[in-house]
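Here's the structure we're looking at; comments come further down.
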Amino acid sequence: MRENLILISQFSLSSLVVSLLYYSFSLFPPETSQAFSNTLQAEPIFVSDTTIIPTQQQGKEISINGKKFTVAWSQWKEGTTTHTGLSDIGASTTLGIELLSTNNPNQQPVYWYLANPNQPIYLNTKFLAPYRYLDITQLIQQMAAEINIVGDTLQINYPTAQVNDLYTLQENGIQRLVLSLDRPTTWQVSQVKNEATLNIEGITDPTLLAQYQPQPIITENNTNIDEDDLGSPTIPKIQPQLFSLTQNGTTTQLKLNLQTAYGIQAYTISNPNRLIIDIRPDTLREKEITWQNGLTFHQRYVKLQQDYFPVTWLEIDLRSSKLTLKPITPKKESLTGILPLTTMGRDTEAIAAINAGFFNRNNQLPLGAIRVDGKWYSSPILNRGAVAWNNQGQIKVDRLTLQENLITPNQQFTINFLNSAYLETGIARYTSEWGNTYTTLTDKETIITVENNQITAQYKANIAGQDSIPIPPNGYLLILRKDDVPATYLTKGTTVKINRSTIPREFDSYSNIIGAGPLLLQNRRIVLNPDAEKFSKPFQQQSASRSSIATLSSDRIILVAVHNRVAGKGATLTEFAQILQQLGAVNALNLDGGSSTSLYLGGNLIDRYPQTAARVHNGIGLFLKTSP
């Protein structure tokens, strides 16, 4: 980590005047999060009336001056006027709009090129599941943009902006870059470890570009250096400058090198038009948005001792709303596969989603409980924590075991796992919920086919992965691993039946179940015991990004994502449990974490940049109920 950042400042006379005005009016001081949360007291600017007539056209792709993005859009009529809407999270990520706190799901205050930061723009919204559309009609007019629809794509074309100047400021440990623009323009941010990139739709003055060209890091192993010119066998490292500017067509790319645990906040102001980038360790903007009746989007810092953790969560009322939860997976026909949560959310048309249970990233198969509409797609393992719910909004969180016994006329055998990639000596069972076929997972497995409660075949496989056996739709497969004793009793023609129960028994009455672990809270008390759930010591001790599903009451739940503390690492399991207590959680289950931690709303991730999120095997999706 670099202890100090060296900022290269280029101040023209006009830049200096603008910066003095900037501070004299106290626009967006370093305490940006507080400034954003206070704006709801301001007098609103309304941009359209509220008469909504059914949608004309919809699609899932937009193009901004020829550059394509996956964003849901809609057009509709209000009187004689055609209005254009983008999914609100999509509009935020592609146009550079900042969504502010609101308790009205039908209106959304935003920051976007404001002359007065205490007077946000209020945009109307329209909810058509699974998206909440933000009416951007006035913003389009402000950019002098033209709208065209070509197939599924909404094309937004507007005059290219000019980046006239760039200068830097520093105050109270916050480093700030300011780009002067000749007109409002769109921009997108992406960030990975130690690097952030802004793509700005605008052309930069060539003189300015020349001042901030990318500088390479020169090391001892750089083969482009002529050693005869060095005068010394030791080559010092030359650090790159904090930022660089490049031009690609009509897009200016600003790339920043960041200290570890630092990120950026970007926002715009007008009179004159400027894009401002703050480099800081505390980049979360606190907000509370009533996204739809029964669904609220929260972001804020939670303090534990001397540390501040950025927490993003969705609060869901399952009884008073028309919302329901379902487990989601990448494929309908098979349990094999992993996808980004955004892809799963869009494919299933979930309103919201969070990553859920553990899985094997190599073979892309589940390692924990998945039950959907009463069918077991994968059994629990190792008595680990699980969450269960039904369509009436009832929820249970506890450790879970599934017991299955195979009963023949003369013998009884324990079945270790059902539709699971967790491998152990003994008997496993695979049904059509696993897929159309089963491919061997270990060497020398004995495969027994059962149809209509009778054994119809027995087969000895060889090398793992070489044999694929059809799973009968009217039966199942029994897989014997490293234990051939049961095979002598399970011969062709033998009649069999399955006896099954859950521990605790109440779980069996819930139609949907997701397993992960460890269990964090019960009745508001921390009950963390990773040893009892057979989690490894390294897993227990690590600090990482975390995700959870938790109950607030008998009818409200929260889906929670927590990432690195300010200027530090992620949360330990104990810290995560304490954070959930502060959010008011009664019962809470830890879900898969680290790079899997992902929270999705209205088409996009809301807790992290998508480039940093790993693909996952399963999630918990939130849907609009199709029937009472």
Side-chain angles (χ1 to χ4, degrees), residues 284 286-291 294-305 307-321 323 325 352-357 384-390 393-400 504 506-507 510 512-530 532-533 535 543-563 565 570-593 596-601 606-607 619-620 622:
L284 186 77
E286 297 191 336
K287 63 186 68 176
E288 181 178 312
I289 296 173
T290 302
W291 199 81
L295 174 59
T296 305
F297 166 26
H298 301 260
Q299 281 189 170
R300 72 174 173 88
Y301 284 101
V302 171
K303 185 180 181 182
L304 291 182
Q305 297 179 349
D307 291 317
Y308 289 85
F309 290 87
V311 186
T312 303
W313 76 98
L314 299 175
E315 182 177 340
I316 303 163
D317 187 335
L318 291 176
R319 288 189 176 178
S320 63
S321 69
L323 302 174
L325 295 174
I354 192 168
N355 69 291
R384 288 182 172 175
V387 57
W389 67 92
N390 58 27
Q394 296 172 315
I395 302 167
K396 183 173 179 62
V397 180
D398 206 340
R399 298 185 181 96
L400 174 64
E506 305 96 278
F507 266 91
Y510 290 89
N512 298 290
I513 298 174
I514 281 287
L519 192 65
L520 298 173
L521 299 177
Q522 280 191 313
N523 298 320
R524 296 186 172 87
R525 293 177 56 251
I526 295 177
V527 293
L528 180 64
N529 190 350
E533 300 182 34
F535 284 100
S543 299
S545 294
R546 303 285 180 188
S547 55
S548 173
I549 180 171
T551 63
L552 295 180
S553 62
S554 60
D555 54 3
R556 290 187 302 144
I557 67 166
I558 51 175
L559 307 178
V560 185
V562 177
H563 293 285
R565 72 194 75 200
T572 65
L573 287 168
T574 299
E575 288 172 329
F576 191 33
Q578 293 169 341
I579 290 168
L580 293 168
Q581 280 183 320
Q582 289 204 32
L583 298 183
V586 178
N587 305 296
L589 174 70
N590 183 65
L591 302 172
D592 191 9
S596 293
T597 294
S598 308
L599 189 56
Y600 167 93
L601 177 66
I606 56 173
D607 68 309
I620 300 172
L622 180 69

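- Listed here is the closest heavy atom pair of G570 and S543: O-CB, 3.2 Å.
- Going from atom OG of S548 over to atom CG of L599 covers 11.0 Å, rounded to the nearest 0.5 Å.
- Between P504 and D398, the shortest heavy-atom distance links the atoms CG-OD2, 3.7 Å.
- The main-chain N or O of R319 is found under 3.5 Å from a side-chain atom of D317 such that the two form a donor-acceptor pair.
- The closest donor-acceptor contact from the side chain of E286 to the backbone of Y301 lies under 3.5 Å.
- For the atom pair N512 CG and I395 CD1, the distance stands at 11.0 Å (nearest 0.5 Å).
- Contact of the V586 side chain with the L521 side chain is not registered, since no non-hydrogen atoms from C-beta on lie closer than 4.5 Å.
- Shortest non-hydrogen contact noted between G393 and L318 is CA-CB, 4.1 Å.
- Distance alone, capped at 3.5 Å, is enough to place a donor-acceptor pair between the S598 side chain and the S596 backbone.
- Interatomic distance, CG of L304 versus OG1 of T574, reported as 10.5 Å (0.5 Å rounding).
- Separating the CG atom in L528 from the CG atom in L519 is a distance of 8.5 Å, to the nearest 0.5 Å.
- Note that R384 lies in the cation-pi zone of F535, set by a 6.0 Å cut-off to the ring centre and a 45° limit from the axis.
- In this structure, H298 and W313 have parallel ring planes: the angle between them is below the 30° cut-off, well short of the 60° mark.
- The shortest distance between side-chain heavy atoms of L295 and L314 falls below 4.5 Å.
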Next on the checklist: Would F507 and K396 count as a side-chain contact (heavy atoms from CB on, under 4.5 Å) here? Give the steps.
Outcome noted: CA-CA 8 Å; F507 266 91; K396 183 173 179 62; 3.8 Å; yes
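- One N or O on the side chain of Q581 and one on the backbone of R524 form a donor-acceptor pair closer than 3.5 Å.
- Two residues are said to be in side-chain contact when any heavy atoms from C-beta on lie closer than 4.5 Å; F576 and N590 meet this criterion.
- Checked by atom type, the side-chain pair N587/T551 shows a donor-acceptor distance below 3.5 Å.
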Next on the checklist: Apply side-chain contact (heavy atoms from CB on, under 4.5 Å) to residues I620 and W389 and explain how you reach the verdict.
Outcome noted: CA-CA 11 Å; I620 300 172; W389 67 92; 4.2 Å; yes
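- Annotation for G619 and A356: closest pair CA-CB, 3.6 Å, computed over non-hydrogen atoms.
- Atom CD1 of residue I316 and atom CG of residue L323 lie 7.0 Å apart, to the nearest 0.5 angstrom.
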Next on the checklist: For E315 and L583: C-alpha separation, side-chain torsions, deciding distance, then whether side-chain contact (heavy atoms from CB on, under 4.5 Å) applies.
Outcome noted: CA-CA 10 Å; E315 182 177 340; L583 298 183; over 6 Å; no
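- Looking at Q394, its side chain never comes within 3.5 Å of a backbone N or O of Y510 through a donor-acceptor pair.
- Inter-residue side-chain proximity for Q578 and I526 is flagged as met; some heavy-atom pair is nearer than 4.5 Å.
- A side chain to side chain contact (heavy atoms under 4.5 Å, CB included) with V562 is found for exactly one of V302, I579, T597, namely I579.
- Looking only at side-chain heavy atoms (C-beta outward), T296 and I289 stay at 4.5 Å or farther from each other.
- The backbone N or O of K287 lies less than 3.5 Å from no partner atom in the side chain of R300, so there is not a single donor-acceptor pair.
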Checklist entry - Would D307 and R565 count as a salt bridge (Lys or Arg N to Asp or Glu O under 4.0 Å) if you check the C-alpha gap in whole Å, the side-chain angles of each, and the deciding distance to 0.1 Å? => result CA-CA 7 Å; D307 291 317; R565 72 194 75 200; 2.9 Å; yes
Checklist entry - After noting the C-alpha distance and the side-chain angles of L520 and L580, does the key distance pass the side-chain contact (heavy atoms from CB on, under 4.5 Å) rule? => result CA-CA 9 Å; L520 298 173; L580 293 168; 3.6 Å; yes
Checklist entry - Could you walk me through whether S547 and N355 pass the side-chain hydrogen bond (donor to acceptor under 3.5 Å, both in side chains) check? => result CA-CA 8 Å; S547 55; N355 69 291; 3.3 Å; yes
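- A distance of 10.0 Å separates NE2 in H563 from CG in L284, rounded to the nearest 0.5 Å.
- Using modelled atom types, no side-chain atom of E533 and backbone atom of P530 make a donor-acceptor pair closer than 3.5 Å.
- Between F297 and L601 there is a side-chain heavy-atom pair separated by less than 4.5 Å.
- Considering every non-hydrogen atom in both P518 and L573, the closest pair reads CG-CD1, 4.0 Å.
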